[in-house]
Protein chains: 2
Amino acid sequence: MYNPKVGDRLESLDTPSMVVDLDIMEENIRKLMGLLKPLGVNIRPHLKTTKSPILAKKLIAAGAEGGCVAKLSEAEVIAAEGVDDLLITCEIVGPAKVARLVQLFRKYPKIRTVVDSEEGATAINEAWAASSIDEPLQTLIDLDVGLERTGIAPESALALAQHISTLKHLNLIGVQGYEGHLQHVHGREAREKECRASMAILTSTANMLREKGFNIQVVTTGGTGTAEFCATTPGITEVQPGSFIFMDSDYRNAVGTFFSHSLTILSTAISKSGSQRRVTIDAGLKSLTTDSGFAEPLAMPGVTYTPMGDEHGWLSWEEGGTDLLIGARVHMVPSHIDPTVNLHDFYYAYRKGVIEEIWPVATRGKVQ
Amino acid sequence: MYNPKVGDRLESLDTPSMVVDLDIMEENIRKLMGLLKPLGVNIRPHLKTTKSPILAKKLIAAGAEGGCVAKLSEAEVIAAEGVDDLLITCEIVGPAKVARLVQLFRKYPKIRTVVDSEEGATAINEAWAASSIDEPLQTLIDLDVGLERTGIAPESALALAQHISTLKHLNLIGVQGYEGHLQHVHGREAREKECRASMAILTSTANMLREKGFNIQVVTTGGTGTAEFCATTPGITEVQPGSFIFMDSDYRNAVGTFFSHSLTILSTAISKSGSQRRVTIDAGLKSLTTDSGFAEPLAMPGVTYTPMGDEHGWLSWEEGGTDLLIGARVHMVPSHIDPTVNLHDFYYAYRKGVIEEIWPVATRGKVQ
């Protein structure tokens with residue numbers, strides 16, 4: 001039985017393996033907290049990145065308050081591991097999922113959710129009414145601040161708030177607006193400018209609702225690319241960054257190197273075929289995602305990676321040949337961290353070459 | 001606890017869920033066997049598609065002999081479930097992996113593997129020598145027939161065969177050459193022509209080795225796009241198709257509709273934002289891969305899918321508005337079946353709307 005253990009050296013790991021440099025990861029956490037805590041916002045990290053209750057607890061120990069999850073099935077796993085102050089950032093739609101929400105809430109009444117339609121709000125209210133739950137669900141209106149993915153249009157937010165106020169079992173506590181389309185805008189100035197415009201939609205809608213008498217306590221938003229701008233926008237109470245803890249090449253290309261690559265996919269050169277300028281490694285589409293471009297080898301300038309099917313990839317040398325031997329190890333930097341983590345079952349976290357902790361990717365595959 | 005059961009109706013499933021229409025899947029299996037069995041080749045389906053020992057057994061019951069897996073860690077799982085006549089089609093490289101191969105072989109001596117380098121062959125032989133295993137490892141030379149991913153060049157095959165013949169613990173039984181670059185060549189005629197050229201490399205190398213006195217019993221190759229051409233090439237003894245059982249849009253665009261889409265990702269419309277021509281569904285990058293283009297909604301002509309992050313996607317109507325309601329269900333056809341299956345934990349297999357079987361994706365995430 002293959003069974004890597006704490007105390008093993010990194011070199012003993014079979015590949016591909018997902019590995020985390022603890023010194024770098026801890027520095028990323030310190031940097032985020034140092035940047036945002038003095039600004040007075042609540043930091044509710046998005047746990048869709050790490051998919052790990054253990055890492056959620058490390059973030060809370062460092063100053064975060066609660067966490068976000070994208071899906072209900074993630075909340076089920078993370079709450080059961082003791083982190084139950086969770087905001088589910090996607091709409092809960094359909095009888096099967098609403099039934100799961102009722103069950104989850106019975107055990108973890110701190111769970112809060114978003115709605116962006118009257119139908120959605122009504123369906124949850126009816127499920128509460130049919131159950132014996134007394135406590136209302138803390139609810140946020142999900143507002144479209146330009147991403148056009150989910151979220152109600154600002155001009156319809158008042159009508160939705162008024163509808164929610166007629167529902168006994170939903171307690172409107174705030175507004176969410178995620179500017180996902182701005183996270184990877186290249187250049188700090190351009191990103192800040194566009195983010196301020198999105199935040200204006202969010203905060204003006206929150207203020208409008210307050211003027212109409214709604215008790216809007218939470219205004220939540222932001223990712224790794226924008227959290228700093230969100231946190232310095234008056235009226236924003238909470239930010240949801242996730243990727244900063246590990247980073248990826250797509251974020252680095254957009255926002256720079258304030259946060260560093262702490263997570264890599266350790267792989268092995270397994271074949272030399274065809275060209276002297278090329279080596280085939282054992283990491284392909286099942287180890288590294290391609291939705292945001294291709295991964296890249298860590299600290300190997302002039303060498304590019306091309307996926308060659310589910311289990312293989314090419315490393316190609318721009319000029320000259322390669323002297324990489326069969327059996328050599330290469331650290332690959334993911335292009336998009338969240339779905340890459342989702343491909344793996346464990347993190348092997350190391351310090352100075354020795355495995356110090358092994359964390360399951362507890363919410364891997366939790367798409368429901 | 002969310003716990004879907006056999007006998008439940010498809011409508012009761014939460015989404016996203018991976019679902020299989022059994023009538024269509026069984027017809028795909030019948031068609032493949034009907035096409036290839038009369039040609040007299042061994043059918044060793046590549047189990048990297050289904051990742052399921054249960055489906056491996058269904059294929060064997062239908063006429064397959066054994067199976068292929070890409071990685072050693074897949075073989076560990078599938079052999080333990082009773083399907084141990086397995087060819088591992090990727091090179092086994094590195095001390096950790098060779099050690100696992102030794103352990104696997106002790107229990108399942110029918111396991112066969114490929115090598116494409118003298119170093120690789122020597123390392124395995126040394127591990128056998130250091131263990132107390134008497135029986136040699138059935139070994140195939142992996143030959144590059146044009147994919148340039150793994151495989152030794154044809155002109156170097158004899159030297160590698162001679163090297164293997166000096167190794168006590170490796171028994172050379174055949175040659176593998178996978179023409180992965182030809183699986184998706186559009187048009188039957190073009191695909192056949194290129195495949196015949198690749199097969200000529202493979203069979204001529206096999207014949208050359210036989211002339212030099214090597215006992216080449218197995219000549220194995222082929223995928224869903226080429227298996228028919230491989231099987232009608234004199235000298236090919238075995239084919240390795242995988243995707244035919246479920247199909248995907250990329251294969252359909254290349255090879256046509258002889259096999260039909262039996263697997264879809266069931267999803268739900270969760271939001272209408274921005275445009276009357278668009279609905280947001282709950283399936284994104286974590287449910288449907290994008291390496292071979294975007295997925296498409298089943299039987300909805302004029303409607304396209306765009307992923308919008310890990311957990312969302314747009315369905316967009318080319319013209320007119322959409323009358324799809326929030327809560328409506330949509331079957332999504334994957335663009336690339338193998339890595340899409342790898343995202344999910346279970347298959348829900350149904351017939352006429354009722355769940356008949358639930359299969360774990362047993363080798364999901366087995367990249368080592």
Side-chain angles (χ1 to χ4, degrees), chain A residues 1-2 12-17 48 70-71 73 90-91 93-94 96-97 100 103 116-117 119-120 144 148-153 180 268-275 278 280 282-283 285-287 289-291 307-312 314 326-327 336 338-339 342-345 364-365 367-368, chain B residues 1-2 12-17 48 70-71 73 90-91 93-94 96-97 100 103 116-117 119-120 144 148-153 180 268-275 278 280 282-283 285-287 289-291 307-312 314 326-327 336 338-339 342-345 364-365 367-368:
Chain A
M1 259 277 293
Y2 177 67
S12 71
L13 278 181
D14 198 358
T15 64
S17 281
K48 73 193 274 298
K71 293 289 184 90
S73 56
C90 286
E91 282 66 19
V93 174
K97 202 162 263 113
R100 289 171 80 162
Q103 291 189 296
D116 75 350
S117 70
E119 307 93 291
D144 181 11
E148 300 190 7
R149 186 172 74 183
T150 64
I152 197 160
T268 299
I270 63 161
S271 183
K272 293 176 121 169
S273 168
S275 163
R278 215 160 54 205
T280 296
D282 61 357
L285 299 171
K286 272 174 58 187
S287 300
T289 59
T290 60
D291 58 89
M308 285 295 290
D310 300 357
E311 306 288 3
H312 303 88
W314 278 345
I326 289 179
H336 188 180
D338 297 8
N342 189 56
L343 297 175
H344 298 271
D345 290 327
R364 188 215 56 74
V367 291
Q368 292 185 333
Chain B
M1 259 275 293
Y2 177 67
S12 71
L13 278 180
D14 199 358
T15 64
S17 280
K48 72 191 277 294
K71 293 290 184 88
S73 56
C90 287
E91 281 66 19
V93 174
K97 200 160 265 115
R100 288 171 82 164
Q103 290 190 295
D116 74 352
S117 71
E119 307 95 289
D144 181 10
E148 298 188 12
R149 186 172 74 182
T150 64
I152 198 160
T268 299
I270 64 161
S271 183
K272 293 177 117 165
S273 169
S275 163
R278 212 160 56 206
T280 297
D282 60 357
L285 299 171
K286 273 174 58 189
S287 300
T289 58
T290 60
D291 57 88
M308 285 295 291
D310 299 357
E311 307 287 5
H312 302 89
W314 279 343
I326 289 180
H336 189 177
D338 296 9
N342 189 54
L343 298 174
H344 297 270
D345 291 326
R364 190 215 55 74
V367 291
Q368 293 183 334

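Quick caveat: nothing in here was measured; it's all calculated off a predicted structure. Chain naming here is simple, since letters A, B, ... match the order of the sequence lines and numbering starts at 1 in each.
- Note on A/Ala96, A/Ala153, A/Ser117: by heavy-atom pairs under 4.5 Å with chain B, the leading option is A/Ala96.
- Ranking B/Thr150, B/Asp116, B/Thr290, B/Asp345 against chain A, the residue ahead of the rest is B/Thr150, based on heavy-atom pairs under 4.5 Å.
- Judged by distance alone, with hydrogens and angles left aside, the side-chain atoms of A/Gln368 form a donor-acceptor pair with the main-chain N or O of B/Asp14 at under 3.5 Å.
- Put simply, the side chain of A/Thr280 does not reach to within 4.5 Å of the side chain of B/Glu91, judged on heavy atoms.
- Of the listed residues (B/Arg149, B/Glu311, B/Met308), the one with the most heavy-atom contacts under 4.5 Å to chain A is B/Arg149.
- In this structure, the separation between CD on B/Glu119 and NZ on A/Lys272 is 8.0 Å, given to the nearest 0.5 Å.
- Within the 4.5 angstrom heavy-atom criterion, atoms from both the backbone and the side chain of A/Lys286 approach chain B.
- In this structure, the side chain to side chain donor-acceptor pair (under 3.5 Å) partners of B/Lys48, at least two apart in sequence or on a different chain, are A/Asp310, B/Asp338.
- When heavy atoms are compared at a cutoff of 4.5 Å, A/Gln103 approaches chain B solely by way of its side chain, counted from C-beta outward.
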Checking B/His336 against A/Leu285 for the side chain to side chain contact (heavy atoms under 4.5 Å, CB included) test, could you report, in this order, the C-alpha distance in whole Å, the side-chain angles of both residues, the deciding distance, and whether it holds? CA-CA 11 Å; B/His336 189 177; A/Leu285 299 171; 3.8 Å; yes
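- Here the shortest heavy-atom pairing between B/Ser271 and A/Gly151 reads OG-N, 3.8 Å.
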For side chain to side chain contact (heavy atoms under 4.5 Å, CB included), just list the numbers for A/Leu343 and B/Leu343, CA-CA rounded to whole Å, side-chain angles, deciding distance to a tenth of an Å, and then say yes or no. CA-CA 7 Å; A/Leu343 297 175; B/Leu343 298 174; 3.8 Å; yes
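- Annotation: side chain of A/Asp282 is in contact with side chain of B/Lys71 (closest heavy-atom distance under 4.5 Å).
- Heavy atoms closer than 4.5 Å to chain B are found in the side chain of A/Ala70, but not in its backbone.
- For B/Ser287, the side chain to side chain donor-acceptor pair (under 3.5 Å) criterion is met by no residue, not counting sequence neighbours.
- With chain A as partner, the option from B/Pro339, B/Gly94, B/Pro16 having the largest number of non-hydrogen pairs under 4.5 angstrom is B/Pro16.
- Neither the backbone nor the side chain of A/Ala283 comes within contact range of chain B, judged by heavy atoms closer than 4.5 Å.
- Of the residues considered (B/Thr268, B/Leu13, B/Thr15), B/Thr15 shows the highest number of contacts with chain A, using heavy-atom pairs under 4.5 Å.
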